[in-house]
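These notes are about the structure you will find just below.
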Amino acid sequence: MSESALRLLIFVAIFVLVALSEHAWPRRPRRQARWTRWRINMGLLGIDILAQRFTLGAAAVTMAVYAQVQGWGLFNLQAWPPWLSAVTGFVVLDLAIYLQHRLFHRVPVLWRIHRVHHTDLDLDLSSGFRFHPLEILLSLLYKVALVAALGVSPVVVLVFEATLSAAALFNHANLCLPARLDTALRWLVVTPDMHRVHHSVVPAETNSNYGFFISLWDRLFGSYRAQPAAGHVGMEIGLRDYQREDRLGLWQLVLIPFRQPDPVQDSAGRPDPVDSVGVRRSDSGSKSNVR
Ligand SMILES: [Zn+2]
């Protein structure tokens, strides 16, 4: 069996396992029909795969091989024990993805792209596919630069990418883990309950829990929030300005970075203007979705 077939098989197995677990132990009732969302999120995944295949392809692994041959990067400057460079490479890549996520929330033009991911009105494993193709390509360029600077080995890059894909399925899952298991797990990795806080409509909660796999970074850098104020069943998922299902079709999502958010109504029924980074002008308590 080829390496890519094996990776696909492992990914499909994890997908089926998480999907069955969601079905057996759901955390929240669904607001939108499952197949409507799955069709949209899978459609976005298809666009992402095509966009990557016809532009940068497997650029991160290719760069890792090239850096190894050329002796580029921190890990190639001197002989590190292989296990140490592998573990350090993996951990540093995960930290870099955490920092990238914070940047996507902080910089207005990047938030325009990343908010597509936050427009999902429910959260389940398919939300792990809901990324705009521009975010996928920018993230890949960032990873390529990082791999070149560090000289991370191709095997570590492959393992990291596979882990991140599996983690995205798991941490977006609509899955109710026993509280004690969740508490124990989240000392090490991001759990569905921990990541769900990040998908709350409450800006202070949206701007917390940025981690994707290792949970340490949020605790270390002060962005950790244990639970949503309204509870996991009572909390509202998504963004305040993107609550209309009929405005969240596949092609509408692709165009979101280039359009203004939907005008929302204020208490008197008038349109409440929202600026380009998602700030509702009348919202004096919290100035922005970005921080
Ligand atoms: Zn985010």
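These values consider heavy atoms only, across backbone and side chains, with no hydrogens, waters or symmetry-generated copies. All of these numbers come straight from a predicted model, not from anything done at the bench. Both counts, for ligands and for their atoms, begin at 1 and track the order of listing.
The NE2 atom of H118, the Zn ion (ligand 1) and the NE2 atom of H198 define an angle of 90° (nearest 10 degrees). Seen from the Zn ion (ligand 1), atom NE2 on H101 and atom NE2 on H105 lie at an angle near 100° (rounded to 10 degrees).
For the Zn ion (ligand 1), the N/O/S atoms of H199 include none lying under 2.8 Å. Checking H117 against the Zn ion (ligand 1), every N/O/S atom stays at or beyond the 2.8 Å cut-off.
Between W80 and F75, the ring planes lie perpendicular to each other; the angle is over 60°, past the 30° to 60° tilted range. Classified by interplanar angle (parallel below 30°, tilted 30° to 60°, perpendicular above 60°), the ring pair H172/F212 is tilted. Aromatic ring pairs are classed by plane angle as parallel below 30°, tilted from 30° to 60° and perpendicular above 60°; the pair W111 and H118 is tilted.
The two atoms that bring H199 and M235 nearest to each other are C-CE, 4.5 Å, heavy atoms only.
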